[in-house]
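Encoded as structure tokens, the structure appears first; notes follow it.
When reading the values below, keep in mind they use all heavy atoms of this one structure, side chains included, and skip hydrogens, waters and symmetry mates.
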Amino acid sequence: MKLKYYIIVGYLVSIVITVLGVFFGVSRMLVDGKEVTYILLITVLAGLVGALISLLLLTRVFRSLGKLKRKMKDLSIRKFDTKSHIQSPLEFRELESSFNQMASELKDTFESLAASEKEKATIVAQLTHDIKTPITSIQATVEGVLDGVIPADEVHHYLKTVGRQTNRLNKLVEELNFLTLETLDGPLQNGQHQTIYLDKMLLEILSEFQLKIEQEKRQIDLFVAPQVAKIKSDYDKLSRILLNLITNAFKYSKEGTTLTIRAMGDDKQIRIAIVDQGMGIKEAELEAIFKRLYRVEASRNMETGGHGLGLYIARQLAHQLGGEITVDSQYGKGSTFTLLLNRSQTK
């Protein structure tokens, strides 16, 4: 039964008790019989008027209860209304304030959970993307050995490359197993800086493409300025960035074209540029290419097998190193991707 009916019943009971009291008084001659009608009319009228006034005064209370009821229903469908709609009575306004605080905390909790799940999914996608590169390199090397494309006296050299790729795969699998311990946008942790020789790192990365370079008759133009030959940074993250950028340069440029890599810098900044003579990128798409899962021309991705994650991963890792990746491209002529690192972050 609704609250207003309880109020009406209460007033009716009080009227009935009053009437019974009057009749009892008459029977005992405590009340004059001539006064009975007057007393009964006044009692009934007072009860009805009192009930009506109470219902009118409680209208705001009923309305406030209805608002709280709607808020509770919205909460069940994850619709979190934290605005204040109740002004009176004071107790209901305080109740709504507590309810709004609870709704706000629930909203933050659900958003945090959703962000966490999205973050985990992103890391899994990132690692899956990175795992494909060493697998492709190992597969190409093994096929080259089996098909006799790689001379017998060079097999040992290529097996070393396979060994490095296998170690890299192990590291990526370890990251995948412990993906909950690292966030994509987390800050670079202390103690991860180590001495890096850029020329050696770039040569190791290029060695993974050695067979591809020979088959496609590629020319590699590599230059590392003396002032940036030795830096301190996170080796794994920096190598993943450069590997992604160099992989894209091979993917999106034709056989026989030159790939240029330049590492230079000054007292404030280090610049590592990867220049290809590929198809280039339209100006309208230059910034969009760094978005997660963005693909420039679906047909191009059908040929290269890209999933739109490489550049997104590279830029996120660059941010973790306190740097940035920029792109300069002319459609139909080629692209230049430049990794910028602050000197203060590499000492």
Side-chain angles (χ1 to χ4, degrees), residues 111 114-133 136 172 175 179 182-188 205 209 212 233-234 236-255 257-264 269-342 345:
E111 288 179 350
S116 177
E117 290 302 317
K118 182 179 179 181
E119 187 177 81
K120 289 179 182 179
T122 300
I123 296 174
V124 171
Q126 179 192 71
L127 293 174
T128 302
H129 174 274
D130 285 348
I131 285 171
K132 288 181 64 179
T133 300
T136 301
L172 291 172
E175 288 186 38
L179 63 91
E182 180 184 1
T183 59
L184 185 61
D185 297 314
L188 185 64
I205 294 173
F209 300 93
K212 187 178 184 67
S233 187
D234 186 301
D236 290 334
K237 290 180 180 179
L238 183 57
S239 64
R240 285 173 68 181
I241 294 170
L242 295 175
L243 179 63
N244 271 324
L245 295 180
I246 292 173
T247 298
N248 277 354
F250 277 109
K251 278 184 179 181
Y252 301 123
S253 58
K254 296 181 180 180
E255 297 182 9
T257 58
T258 300
L259 180 66
T260 303
I261 302 174
R262 289 279 186 270
M264 296 174 289
Q269 199 173 58
I270 295 172
R271 299 181 300 278
I272 305 175
I274 291 89
V275 185
D276 66 62
Q277 299 175 0
M279 59 189 72
I281 305 166
K282 295 178 181 178
E283 186 175 355
E285 297 177 318
L286 284 179
E287 187 60 29
I289 60 175
F290 290 101
K291 294 180 180 179
R292 187 163 63 98
L293 304 180
Y294 183 83
R295 298 183 179 189
V296 179
E297 298 181 15
S299 60
R300 183 190 304 183
N301 282 88
M302 290 295 291
E303 295 174 0
T304 61
H307 289 78
L309 278 171
L311 291 176
Y312 170 79
I313 294 170
R315 173 168 274 190
Q316 294 301 317
L317 292 173
H319 290 170
Q320 291 183 13
L321 295 176
E324 184 58 276
I325 296 177
T326 62
V327 57
D328 181 25
S329 182
Q330 287 184 299
Y331 190 65
K333 294 185 178 180
S335 304
T336 300
F337 285 86
T338 305
L339 171 62
L340 304 174
L341 297 173
N342 295 325
Q345 299 288 331

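Here the OG1 atom belonging to T338 is positioned 8.5 Å from the CZ atom belonging to R271, to the nearest 0.5 angstrom. In this structure, CG on L341 lies 6.0 Å from CD1 on I270, to the nearest 0.5 angstrom. Taken to the nearest 0.5 Å, the OG1 atom of T247 stands 11.5 Å off from the NZ atom of K132. Atoms CD and CZ, on Q316 and R240 in that order, are 11.5 Å from each other to the nearest 0.5 Å. Remark: K212 NZ to K251 NZ distance equals 9.5 Å, nearest 0.5 Å.
L245 is listed as a side-chain neighbour of L311, based on a closest heavy-atom distance under 4.5 Å. With a 4.5 Å cut-off on side-chain heavy atoms, I274 and L242 count as touching. Looking at heavy atoms from C-beta onward, T326 lies out of side-chain contact with D328 at the 4.5 angstrom threshold. At a threshold of 4.5 Å between non-hydrogen side-chain atoms, the residues K333 and Q277 do not count as touching.
Side-chain atoms of S329 come within 3.5 Å of backbone atoms of G334 as a donor-acceptor pair (strictly under, hydrogens ignored). Formation of a donor-acceptor pair under 3.5 Å by the D276 side chain with backbone atoms of S335 is found in this model. In this structure a side-chain-to-backbone donor-acceptor pair under 3.5 Å is missing from R262 to A273. A donor-acceptor pair under 3.5 Å is absent between the side-chain atoms of D234 and the main chain of L321, judged by distance alone.
Between F209 and F250, the ring planes are parallel. Angles under 30° get that label, and only those over 60° would be called perpendicular.
R315 and I325 make their closest contact through NH2-O, 2.9 Å (heavy atoms, listed as atom of the first residue, atom of the second, distance). Residues S239 and I205 come closest through the heavy atom pair O-CD1, 3.8 Å. Here the shortest heavy-atom pairing between A318 and I241 reads N-CD1, 3.5 Å.
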